[in-house]
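Report on one structure; see the data block that follows.
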Amino acid sequence: MSTSFRTHTCGELRSDHVGERVTLAGWVHRRRDHGHLAFFDLRDRHGITQVVTNAEDAGDAHLAAEPARNEWVVQVEGAVRARPERTANAELATGEIEVVVDRFVVLNPSKVPPFYINEEQPGLDESLRLKHRYLDLRRPPMQARMLMRSRLASAIRRALEDDGFVEIETPTLIRSTPEGARDFVVPSRLRPGEFYALPQSPQVLKQLLMVAGYDRYFQLAHAYRDEDMRGDRQPEHTQVDIEMSFVAEEDVISTVERMVTRVAKEILPERPILTEPFPRLTYADAMNRYGSDKPDIRFGMELVDLTDAVRGVDFRVFSEPIAAGGAVFGIVAPGCGDYSRKQLDELIDLTKRHGAKGLVYLSVQDDGSLHGPAAKFLEGREAELVAAVAANPGDLILIVADADRIAGAEALGHVRLAMGDRLGLRQPGVLGYVWVHRFPMYTWDAEGERWDATHNPFSAPAPEDIDRIESDPGSVRAQQYDLALNGWESGGGSIRIHQRELLEKSFALMGHTLEGMRDQFGALLDALEYGAPPHGGIAIGLDRWAALYAEVDNIREVMAFPKTQSGTDLMMDAPSPIAQAQLDELHLRIVTDD
RNA sequence: GGGCCCGUGGUGUAGUGGCCAAACAUGCCAGCCUGUCACGCUGGAGAUCGCCGGUUCGAAUCCGGUCGGGCCCGCCA
């Protein structure tokens, strides 16, 4: 990567280069000044090379180097030399050699940075990093993540292209179509009072590409959602968007799995995939066994349905939810029977935060009896219960009962994850990919008093459930599949409805009028009448993918310029007010609240 | 929309009613130093404790508000 400013990068020189005359350019990583002798660690994104200036041998260069401080950009010229006996640095890839400088040029000085570029600083205020993101991105760990993300994206492209996929870009100024989330909106200058929306996903567009005959499409697409942020959610994110024609669920799953497996082995050869092919769970199984539709399958501690085991027990915490048609679930935390009040309180807190009324805890004694506030209600049923959950003496049994079966399972599912963390069961090095499929097609929206698409409203019903769409919508499952990785939702997709009539029927069930449908999805509905092939696809979140591979728990760590939790960009200071002239041009007037 | 946590020299922390116009580490500046690699040694500068208001004889410390950041619930493919 030789340029006008350098012959080599700072990560390139080895013993083979000894004797060569080289020019390097980079940032001063660290300076060790011994008076008449000074060492500089010169850094670029490729590595670090030690360069030496010596007052005796090259006085001018030594003098020129004196003012240089950390993060100054400098250029050095000199000879590569093997480091003297016993001064090699095994920590450095270039540690066998050093460059003896005879010309030292300051290309640009630097102010003292607001935080350390040259070392890790765990407690550092993230807002500082975001404000000076260009400096944060200069830190080697950030660079490593950005480089990994680049290789990841490249591997994804290569795998898909090798498999016959075509990359097609779709616009980011589109029509607002109420999907799940709130749209970001862009005012139109040419059409007063009208707005574009930024796509929540290229969903409709990629389906239209299927109608257009591009039977294997993909795109690394930006998607926008005006919803509240989380560690794994930004208003703007990148998804690996994929759509295929003439496919059934099995085709999409196996194609995507092939791509994901290939990419994983290329990018993270040292991290094993837990199970290949990826296990597949129905949504119902995932909920019943893990209390999650994105289960972390790297450890067991599965939920056990105790509804029957405790039926008839005279304990209102159990009997009332059961009477209301709910369920009782339990898990066993091995060896945790001695948990302190404080540890238990934390778990109870966690359970409540996730919507359950509380958490019943029972420690299994050596004689098989149970201790805990609820133990007295279970007299005579201990053995049955212990057997049902397969607990051993010293274990802790944790139970959630809820009138809503799913809600109860989810609450205990969170307890399960917390216990997995506490017991160190979530093996960080392992990739626990798992498919979850057969989601319920519709969920009852009590507020709107109508059925709502559980996921994507374009998803096709499972063939075996299709005739119950009108008679029993709640029991209809969709040809919908999610890919989960280590407890994170990695991606999701479905086989789409490719017949206008069926799509209209489905929308009608969700309370859409015919006019409303034509208004919002006219192009798609029309297109379905012009020979739309059966098709389906998936979208995989690239940011989460990169975060999981980088082993960070926040997607901001793998995004170059992320926003804060309140949706602001601290570096660019966005969003910001705009000039009145700009507002006028857009035919907008600001109305302040209060 | 709601809950919780954080905000003290450039940075990270300590200080939780008077002993504090604030301590430690690191960074920064200056001097010395020819084999360092978190170089070392000596000296120095640097903070009205996020902001506003209140309680108190007295506030970094207590209370209220506000701003900024983070985590979570709701929301969200």
Side-chain angles (χ1 to χ4, degrees), chain A residues 29-42 48-57 62 67 69-71 81 83-92 94-95 98 100 111-132 135 179-183 199-203 221 223-235 237 239 241 293-294 349-350 352-355 410-411 414 439 453-459 480-483 489-494 537-541 543-544 553-554 556 563-566 568 570 573:
Chain A
H29 186 68
R30 225 182 280 279
R31 161 178 177 265
R32 291 178 294 281
D33 182 2
H34 292 234
H36 291 284
L37 176 78
F39 300 94
F40 292 85
D41 289 338
L42 205 59
I48 290 178
T49 301
Q50 172 169 288
V51 306
V52 199
T53 69
N54 188 316
E56 214 165 274
D57 303 335
H62 186 70
R69 293 295 184 273
N70 286 351
E71 300 313 314
R81 153 171 99 185
R83 291 206 196 178
E85 200 72 23
R86 300 148 94 71
T87 61
N89 185 347
E91 309 267 290
L92 240 45
T94 61
E98 63 192 4
V100 187
K111 300 207 318 195
V112 175
F115 48 83
Y116 301 112
I117 312 296
N118 58 8
E119 57 190 84
E120 293 267 25
Q121 201 184 344
L124 179 60
D125 182 3
E126 196 176 345
S127 60
L128 252 190
R129 295 175 56 199
L130 291 173
K131 181 164 184 200
H132 304 274
L135 293 178
E179 272 180 79
R182 202 175 291 117
D183 278 327
Q200 297 178 27
S201 78
Q203 182 62 37
Y224 307 84
R225 287 182 196 127
D226 189 6
E227 297 292 346
D228 290 351
M229 266 119 277
R230 284 289 190 287
D232 62 350
R233 265 170 23 205
Q234 283 269 311
H237 75 282
Q239 54 188 45
D241 198 42
D293 60 0
K294 41 181 192 288
D349 244 34
L350 177 82
K352 286 183 175 166
R353 234 184 312 128
H354 286 96
E410 282 182 326
H414 282 102
F439 281 79
T454 304
H455 278 63
N456 185 318
F458 307 105
S459 298
Q480 169 91 35
Y481 31 85
D482 276 11
L483 181 62
E489 182 194 321
S490 168
S494 64
I538 194 167
I540 304 176
D543 309 282
R544 289 181 188 176
D553 54 16
N554 195 306
R556 291 189 299 270
K563 310 239 180 321
T564 65
Q565 192 151 71
S566 50
T568 61
L570 295 178
D573 193 22

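First the proteins, then the strands, lettered A, B, ... as listed; each starts at 1.
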With sugar-phosphate meaning primed atoms plus P, OP1 and OP2, does [X] contact a base, only sugar-phosphate, or nothing at under 4.0 Å between heavy atoms?
X: A/Asn54; result: base
X: A/Glu56; result: base
X: A/Gln234; result: nothing
X: A/Gln239; result: nothing

Tabulate protein N/O versus nucleotide N/O from nucleotides 24-28 of chain B, keeping only pairs under 3.5 Å, one per line.
unit_1 : atom_1 : unit_2   : atom_2 : d
B/rU26 : O2'    : A/Tyr116 : OH     : 2.6
B/rU26 : O2     : A/Tyr116 : OH     : 3.1
B/rG27 : O4'    : A/Tyr116 : OH     : 3.2

Whether [Y] and [X] form a salt bridge (side-chain N of Lys/Arg under 4.0 Å from carboxylate O of Asp/Glu) is what I want to check.
X: A/Arg233; Y: A/Glu227; result: no
X: A/Glu119; Y: A/Arg30; result: yes
X: A/Asp33; Y: A/Arg31; result: yes
X: A/Arg556; Y: A/Glu126; result: yes

Does any nucleotide pair with B/rC4 by Watson-Crick or G-U wobble geometry, both distances under 3.5 Å, and what is it?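 B/rG70 is the nucleotide pairing with B/rC4.
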
Give none if B/rU13 has no partner; otherwise give the nucleotide forming a Watson-Crick or G-U wobble pair with it, both distances under 3.5 Å.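 Pair assignment: B/rU13 / B/rA23.
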
Yes or no on ring-ring contact (aromatic ring centres under 6.0 Å, His included) for A/Tyr224 and A/His237, after CA distance, side-chain angles and deciding distance? CA-CA 7 Å; A/Tyr224 307 84; A/His237 75 282; 8.4 Å; no

N/O (side chain, [X]) to phosphate O (OP1/OP2, [N]) under 4.0 Å:
X: A/Arg230; N: B/rC73; value: yes
X: A/Arg556; N: B/rC71; value: yes
X: A/Ser127; N: B/rG68; value: no
X: A/Gln50; N: B/rU36; value: no
X: A/Arg32; N: B/rU36; value: no
X: A/Asn118; N: B/rC37; value: no

So which one's nearest nucleotide on RNA chain B is more toward 5', A/Asp228 or A/Lys563? A/Lys563

Map A/Gly35 and A/Arg31 onto RNA chain B by nearest heavy atom, then report which one ends up closer to the 5' terminus.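 Nearest nucleotide further toward 5': that of A/Gly35.
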
When rounded to the nearest Å, what value does the distance between C1' atoms of B/rU13 and B/rC49 take? 13 Å

Looking at B/rG35, B/rG69, B/rC37, which one has an atom nearest to any side-chain atom of A/Leu37? B/rG35

Determine whether the aromatic ring of A/His34 stacks with the base of B/rC39, defined as ring centroids separated by less than 5.5 Å and ring planes inclined by less than 30°. yes

